[in-house]
Amino acid sequence: QQVLDLVHLRYVDPVSMDTLANGAIPQVLARLDPHSIYIPAASLGEINEDLMGNFQGIGVEFNIFSDTVNIITVMDNGPGAAAGLRTGDLIVKVGDSLVAGNGITTAKIKRLLRGPGASTVMLTVSRDHNLVRIPVRRGIIPIVSVDAAYMMSKTEGYIHLNKFSETTYREFMTALEDLKRQGMQQLILDLRDNGGGILQQAVEIADEFLSGTKLIVYTEGNSSPRQEYHCKRDGLFETGKLAVLVNEGTASASEVLVGALQDWDRCSIVGRRTFGKGLVQEQYDLTDGSALRLTIARYYTPAGRSIQKSYRGGDEEYAGDIMNRFHKGEMTNADSNHVDRLGKAYKTMGGRTVFGGGGIMPDIFVPVDTAAATHHFALLFAGNTLSNFAYHYFMQHRQGLAAVPGAADFYRENQSNDSLWTAFTRFSRQDSLNTTGITGSDKDFARKRILALIARQQWHSNGFFEVINSGDSSVVKATRALGQ
């Protein structure tokens, strides 16, 4: 602070002190660990919204096509639905601000649509070539953690968690109770690409799977005495068969949950080695509206493992770890898929050997699907060609889709639909993309992705996952493990 004050008072040229501080503080934190970070005031609100699990808005999803904001989904029972907004509406104005045909960006439209709770925003939308003015009273919009929860068979359920926010445990319990009412006896819990979040939420969910007063996790740091988290109540799913899906994007609070289940031999873990983040952060709000998220402790699994991967090689090596796994063959070859065996060995409660450091190793390995890594798919995803086509196809076939019983039926009827692929080929030419080079398994992958995106339009997230999970190698191996 003394240095900043001297620069402010005596430096030869005018200086933005905010810019100087925002540059200097990260340099200090970079000498600590990769997860101690400084959050500028301008970014703090959006980051906190994600952890809180909600924000104030109108309850729609949108895409920008041809410089026009298209409403692609209206949230059930949300402010937009109550006001009369519909899927397919084109937003022309927000208040007095024109948002069509003038280079509108996603960031700008978000700023215009969001605002204080109970405030009203006037939208002018184009519907069936007519302009309609619709006032929308903003309200609380949930940022859901449970993307999907459905029955895969008469006895097997599936739940996908994308993060651990303040609402995750409540959402999870709602989903679990609903599946139990439908007869669920076995569960696949999908934590792939779940980057973590609030530790306590992972602890609460672990308590639903583990009995008695079992230790779930403990934390400890130089200035943070050991704190243990134990089961406190009878769980809703302590005895049913459980399989957990993981990959290199499974991190932090997700690894707390997976580590506890593995150490107590409670489930089959299916996928690839997890990210390897075993550090606990605490957020401190600063006087200028910014915040410091500081690592205060490490967490340890019930067997005593720290699964934090090394960061001694610096930020660049740490950030490149996942790509290095790919280059070493770890993502595609089971024999190359391992944690650092130079680390200490531990025993699970059932006597199996596990290792600390570098993430959590699954019980059943699943190689990465390399189809999505091809040059063709990089172009399709980069330009949103797949999702844009799915939306336009949905708008053209809404009546027919409404007559289909469900997403699984839709997929069975269309997985070999050549006319749909022909329509996609024509559509992709608008983005100057040539799809003739996509053949064989790559074409099957693209077709399934398109069908999943169309299913999402009609049956929301459940529909997307019902299609995308059909034949998915991780889901197939998890189902086999549950049947053993």
Side-chain angles (χ1 to χ4, degrees), residues 42-43 45-46 49 55-75 78-81 83-115 119-136 138 141 143 375-398 401 420-435 438 446 449-458 460-461 464:
S43 305
E46 187 172 351
E49 283 175 355
F55 63 92
Q56 299 286 347
I58 67 170
V60 301
E61 292 183 28
F62 62 86
N63 269 351
I64 299 175
F65 308 124
S66 304
D67 209 15
T68 304
V69 180
N70 289 243
I71 295 178
I72 63 170
T73 305
V74 180
M75 187 184 78
L85 291 176
R86 302 176 189 172
T87 298
D89 284 346
L90 312 178
I91 302 180
V92 178
K93 284 186 177 182
V94 180
D96 294 327
S97 299
L98 183 69
V99 295
N102 61 350
I104 188 65
T105 64
T106 297
K108 184 175 180 180
I109 193 67
K110 277 186 176 181
R111 286 196 300 270
L112 291 170
L113 294 178
R114 295 184 181 187
S119 62
T120 298
V121 57
M122 178 63 73
L123 301 185
T124 302
V125 304
S126 175
R127 178 184 297 167
D128 300 327
H129 306 293
N130 296 312
L131 290 182
V132 183
R133 285 169 54 85
I134 302 176
V136 185
R138 296 183 179 101
I141 309 302
I143 305 174
H375 176 67
H376 286 295
F377 286 109
L379 293 175
L380 293 177
F381 282 112
N384 287 326
T385 303
L386 290 171
S387 57
N388 291 353
F389 171 74
Y391 170 72
H392 283 92
Y393 183 91
F394 167 75
M395 292 301 296
Q396 293 168 7
H397 299 83
R398 292 178 74 175
L401 287 167
L420 184 144
W421 182 258
T422 300
F424 171 67
T425 299
R426 287 197 301 267
F427 184 88
S428 64
R429 292 196 190 107
Q430 299 175 22
D431 293 335
S432 301
L433 297 176
N434 184 359
T435 59
I438 303 177
R449 188 79 186 184
I450 292 168
L451 292 173
L453 291 167
I454 295 171
R456 184 179 185 272
Q457 290 286 158
Q458 179 66 35
H460 308 301
S461 289
F464 175 87

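Rounded to the nearest 0.5 Å, atoms CE (M395) and CG (L401) are 11.5 Å apart. Atoms CD and OG1, on E61 and T73 in that order, are 4.5 Å from each other to the nearest 0.5 Å. Note that CG of N63 is 12.0 Å distant from OG1 of T68, once rounded to the nearest 0.5 Å. Atoms CD and CZ, on Q457 and F464 in that order, are 11.5 Å from each other to the nearest 0.5 Å. One finds the CG atom of D89 at 13.0 Å from the CD1 atom of I72 (value rounded to the nearest 0.5 Å). Between the CG atom in N70 and the OG atom in S126 there is a gap of 9.5 Å [rounded to 0.5 Å].
Residues in residues 97-114 take part in these side-chain hydrogen bond (donor to acceptor under 3.5 Å, both in side chains) pairs, two or more places apart or across chains: E49-R114.
Listed here is the closest heavy atom pair of Y391 and I71: OH-O, 3.7 Å. The two atoms that bring R138 and P79 nearest to each other are C-CG, 4.3 Å, heavy atoms only. Nearest heavy-atom pair, F389 versus L420, reported as atom, atom and distance to 0.1 Å: CZ-O, 3.8 Å. A83 and P135 make their closest contact through CB-O, 3.5 Å (heavy atoms, listed as atom of the first residue, atom of the second, distance). The minimum heavy-atom distance between R127 and L85, with the atom names listed, is NH2-CA, 4.0 Å. Taking all atoms of both residues into account, the shortest heavy-atom contact from T87 to R398 is O-NH1, 3.3 Å.
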Test side chain to side chain contact (heavy atoms under 4.5 Å, CB included) applied to F62 and I91, step by step: CA-CA 9 Å; F62 62 86; I91 302 180; 5.6 Å; no
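Ring geometry, Y393 versus H397: the interplanar angle falls under 30°, so the pair is classed parallel (tilted spans 30 to 60°).
None of L123, L98, V125 except one satisfies the side chain to side chain contact (heavy atoms under 4.5 Å, CB included) rule with V92; the exception is L98.
Taking E46 as the reference, nothing meets the salt bridge (Lys or Arg N to Asp or Glu O under 4.0 Å) condition, with sequence neighbours excluded. Evaluation of the ring-ring contact (aromatic ring centres under 6.0 Å, His included) rule for H392 yields F65, F427 as partners, not counting sequence neighbours. Take A390 and apply the side chain to side chain contact (heavy atoms under 4.5 Å, CB included) test, not counting sequence neighbours, and it matches L453, I454. Not counting sequence neighbours, the partners of A81 by the side chain to side chain contact (heavy atoms under 4.5 Å, CB included) test are V74. In this view, D67 and I104 satisfy the side chain to side chain contact (heavy atoms under 4.5 Å, CB included) rule, not counting sequence neighbours.
At most 12 heavy atoms of other shown residues, nucleotides or ligands fall within 6.0 angstrom of atom CZ in R86.
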